[in-house]
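One structure below.
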Amino acid sequence: MHPQNTHQENFLDEDEVCNPSGNTHIQDLIETRLSRRQALKGGIAVTTTTLFGSLSLSACGGGGGSRDDSSTSTSLALGFTAVAKNRNDLVTLPAGYQMSVLHALGDPLHYGDASWANDGSETADSYNRRIGDGHDGMQWFGLSDSGSYQASRSDRGLLCVNHEYVVSPFVLHPSGKTAGSTRVASEVDKEINAHGMSVCEVRRASSGTGVSMVRGSSYNRRVTSATPMDFAGPAKGASLLQTKYSTDGTATRGTNNNCANGYTPWGTYLTCEENYLNVISRASGDDALRSAKEVTSLNRYGLPQNRKSPYLWDTAGSDDTYARWSSSVTGASAAADYRNTINTFGWVVEIDPFNPDSRPVKRTALGRFNHEGCWPCNAVAGKPVVFYMGDDARNEYIYKFVSKANWDTADVGKGLTAGAKYMDEGTLYVARFNSDGSGDWLELTFGKNGLTSSNTTYAFSDQADVVINARLAADILGATKMDRPEWGAVNPTNGEVYMTLTNNSNRVSPSATPTGNQLKPDTANPRYYEDVYTKSDGSTTTNKGNPNGHIIRWRENGSDPAATRFTWDIYLFGAQADAASNVNLSGLTDVNDFSSPDGLWFDSRGILWIETDDSAYTDVTNCMLLAAIPGTVGDGGAVVAAGGTPTLKGASATPNTVRRFLVGPKECEITGVAMTPDRKTLFINIQHPGEDTTPNFSTGSFGSHWPDSQTSSTSTKRPRSATVVITRTDGGEIGV
Ligand code: FEO
Ligand code: CA
Ligand code: CA
Ligand code: CA
């Protein structure tokens, strides 16, 4: 979802700040600890006036030539011409590449429903069988002839795609969303069914080039915000999950605002619930009906009393279908109302795409927060399976989960049974990034680290309470507040973990006195500067803080994913190529400058694909996809970021190590990325084209007309989120 929306329907999310905890601020430690590290390495002292570049060698050991040339393998090289920045209403690809649309909002998965009519006439019920809105994270699963998981297969597979939200032009309704303080029930019904995720079978034509969805496949499936699903793990059956729908707290309906994703080594899909506050309201006067603990939890998760959700689904009627979207006390007990609705969202949900009749499972051991995605380590037989996760909101945290069970390759293909084995028991951790370049994983286990019933911030009852209130537990442990953790990715060649920190307007100058939710920069989130943005009317506005984002990475101690310590640096800083050198810290140029990294994914060769969801550089270029060949943690050195905060950066970018592969159409975000195992078909998603412009449904005027604009420069059709198939015209491997 777009980070800094102007549309009132688009809201919250990432921009909603609700972390008021007073964690120790590591800025206070920077001077001493970073200086000590450099002293140990024979370096010179960092001062806040030191300019970019002058420290990069000394902090790496001193002298001896630039370390900014990446030490990446010479056998792997990017092999395409960089795409120029542009603001066309097109997907722009390098020469020698071609694209098609696999599926877009409203396309029927089965026969019996009409094709998308471009007039919003599709029924709410039909969205149980149509592609949903807001395409986001996705994953390819090879499908064998016998219908099982075949990881190596490229010509037949199941593509799982998240449908994060209903994009603000509301093109799925005849004339957009009907205005007013109460919603029209038929529109809400359609929106509930347009959220969630889809599974569709995909086949490559025997000629080797055409890749298309198999309409009518028995694997094709929709999971929506109304689909029955189960809870598993420590919070299953907890009183905090009891609802009128599931009086014993073991089940719920729907997954919502599914942003990024993940997959498991055993072949299931993970879909992650992020901005569920888009659809959850809470009544005025509700605090008085709650315990002090409940109020603490509700406020920490961004749901104060008298809070109306942007979508107002709870206003469409008194029926359970709508009433459940208000997380308010209305009955005599939790089993008699929907006071706990909020606790039923914010989870990682496991789906077995090979078994269309299976019920999705919310894996509570992985904690509840604004889950962006959930990415596995490189699984090794006999070792735990580890998943990395981010909480995408300003000032929130990075987590990991370490399974209790050790990986057994015999579990491949065992679906949700394997999920129960590896994801219901284990240890949840949250990250602290120390200013000397080390890091600690802090354990979120009831009874440890002060997470007890005598804690004065929040008296935890048990592990169910810890995972349901993972943010509060992380506050207490002193985790590091980050610049909005978006996607993570694990390098298949060395296990190093990358995570995008997309931007943060809440960072203030180190010399300022923070108020409210503002934070001073720290070594892991080191930036404070101002970036000028030119609006369409020619006027300008200034974005402050960290407008362009960065990508952090870490190496677990001993290269053991289950380690409790790690070493980190900042792989890449987003920036305009013409920005000051202490803003453009990675030396980006015209072929690779970008802003607000969001999607992130390693292919099996070790090429890192970086996608943007930006609103700071969109006065120059639409959002984009870049390909990169990263080095390793520690291949750069110490620098001082704009604003004066010292930090640790990776090797600078060159055209050979970071290069722009694609630019998207107007007002879109590029998100979701998957590839067939032979690396000859790339899938990416175009989300919310035309989102920033108020549409005129009667004249057919929209901020974008993509995907129709790809083939018609005079299109008046509605914009739609869609999955794009990209191949090389010569049938070769993508990117090289
Ligand atoms: Fe849905 Fe964090 O972007
Ligand atoms: Ca985003
Ligand atoms: Ca600018
Ligand atoms: Ca995202």
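We count ligands from 1, going down the list as the structure has it; atoms in each ligand are counted the same way. Since the model is a prediction, treat every value here as computed from it, not as a measurement.
Take the N/O/S atoms of E164: the one nearest atom 1 (Fe) of ligand 1 is OE2. When you scan the N, O or S atoms of E486 for the one nearest atom 2 (Fe) of ligand 1, you land on OE1. Atom OE1 is the N/O/S atom of E372 found closest to atom 2 (Fe) of ligand 1. Looking only at N/O/S atoms, D531 comes nearest to the Ca ion (ligand 3) through OD1.
K535 and D619 are not joined by a salt bridge, as no carboxylate oxygen comes within less than 4.0 angstrom of a charged side-chain nitrogen.
D483 and N504 share a donor-acceptor pair across their side chains, judged by distance under 3.5 Å alone. With 3.5 Å as the limit, one finds a donor-acceptor pair spanning the side chains of T693 and E667. At a cut-off of 3.5 Å, with distance as the only test, no side-chain donor of N19 or R471 sits close to an acceptor on the other residue.
Among the atoms of V532, an N, O or S atom is found under 3.0 Å from the Ca ion (ligand 3). Under 2.8 Å from atom 2 (Fe) of ligand 1 lies an N/O/S atom of D392, whether from backbone or side chain. Residue E274: an N/O/S atom is found under 2.8 Å from atom 1 (Fe) of ligand 1. Distances from the Ca ion (ligand 3) show that Q576 has an N/O/S atom below 3.0 Å.
Note: Y571 and Y498 have perpendicular aromatic rings, judged against thresholds of 30 and 60 degrees for the angle between ring planes.
Each of R368, R363, K362 was compared with E273 under the salt bridge (charged side-chain N to carboxylate O under 4.0 Å, His left out) criterion, and only K362 meets it.
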